[in-house]
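Whatever order the structure lists ligands and atoms in, that order sets their numbers, starting from 1. No hydrogens, no waters, no symmetry mates; every other heavy atom, side chains included, goes into these values.
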Amino acid sequence: MSEDLRTLGEFGLIGLLRARFPSPEGGIVGIGDDAAVFSIDGRSVLTTDMLVEGVHFDLAVSSPADVGYKAVAANVSDIAAMGARPLYALLALGAPAETPVVTAESLINGIAEASREFGVAPVGGDTVSAPLLVLSVTLIGSVAGAPVLRSGAKAGDLLCVTGSVGAAAAGLALLRRNDAGARRLLEEFPGLAGAHRRGRARVAEGHVAARESVHAMIDISDGLGADALHIATESDVAVSIKAAALPLADGVPEAARYLGRDAWMFGASGGDDYELLMAVPPSKAEDLARVIRPLTVIGRFVEGSESVLEHPDGSMRPLDGLGWDHFL
Ligand code: ADP
Ligand code: MG
């Protein structure tokens, strides 16, 4: 039998983490004491996001390393959506005692990979036994100038999105289908499963958007339509999105055709793309598109409270209900 967490114990597991994430230089107290200690310049930006087995990930389609990576990246994405930079992380981990040590090591490898990629230093956390694998990451970052809030959009602003959308949702749908045709598409378009397993947070883009004073920003985690609606609601305006304008990721139309679904729906309602949505005054849009590539105009903010999605057939439908809600 391979070793599990009962052989390692809580402090053995913390020891692995401590060895992997030594305290950063400069008087910083990291893993090993009662609390972490550091100082940061600028305004502090704080966020937390939890991944629960069976709700946010399925170990049949994601490796423990993917889960570790995603837990860090999802939080980095929220920091990026404020126009801030990520700095330090706390890792709260729950795992069944029967979890193989190699699974825990793989999880730590994923955390380490994302931490390196996004410049995050894990400095503490908590470790408990739990009936399922749970990883909650708390991230602190800093923003030099003004943070970009959800509430600043004005009627007349353009709704712009970075990168491409729909890959994470289409990838998950194919991974779940898992028949020969789905596997062929996953092989042909590796970006689809990649987007589901390891979304890339847009830190540089968020930073540039803040510097260029976009009016409002959010990262796409609940789904593009739902997240655009969050900006509209917080800003007391409405938003109108053109489905035909969505920059669908490579392979999304092919996946949709295979699965008998609408391609644009993957883009409009799929979560976990971690692209950034911004409210941009029209006078700034061209300049911004020169420094954030690609940046696509997909809609417009308008007066009122009726947010709509214009379907490719020209019909207008309410934007409400196009996203992920844990309790519905
Ligand atoms: P305490 O009992 O004082 O809360 P713990 O025994 O829970 O301390 O943790 C010891 C040290 O290990 C602390 O510095 C804590 O932040 C760190 N730690 C515990 N679990 C994790 C984890 N999953 N990831 C990173 N650091 C952790
Ligand atoms: Mg203590």
If the cut-off is 4.0 Å to any non-hydrogen atom of [X], which atoms of ligand 1 fall inside it?
X	result
I14	9 (O), 12 (O), 19 (C), 20 (N)
T127	19 (C), 20 (N), 21 (C), 22 (C), 23 (N)
F11	6 (O)
D33	11 (C), 13 (C), 14 (O)

How about [X]: does its [atom1] atom have over 12 heavy atoms from other parts shown lying under 6.0 Å from it?
X	atom1	value
E10	CD	yes
R18	CZ	no
R183	CZ	yes
E187	CD	no

Practice task
Output yes when the distance from some N or O of ligand 1 to some N or O of G32 is under 3.5 Å, and no in every other case.
Solution key: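 By distance alone, the answer is yes.
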Handout entry: ligand 1 N/O within reach of G125 N/O, cut-off under 3.5 Å
Key =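 Indeed, backbone or side chain, G125 has an N or O that close.
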Problem - Sidechain N-carboxylate O distance under 4.0 Å for D287, K284 - result: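 So D287 does not pair with K284 through a salt bridge.
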Ligand 1 contact on [X] by region, counting heavy-atom pairs under 4.0 Å:
X	answer
L91	both
F21	neither
L90	neither
L17	side chain

Practice task
Examine V137 and L13 and state if one hydrophobic cluster contains both, with Ile, Leu, Val, Met, Phe, Trp and Tyr joined whenever side-chain heavy atoms are less than 4.5 Å apart.
Solution key: yes
Practice task
Taking T7 for its side chain and D4 for its backbone only, find out whether a donor-acceptor pair lies under 3.5 Å.
Solution key: yes
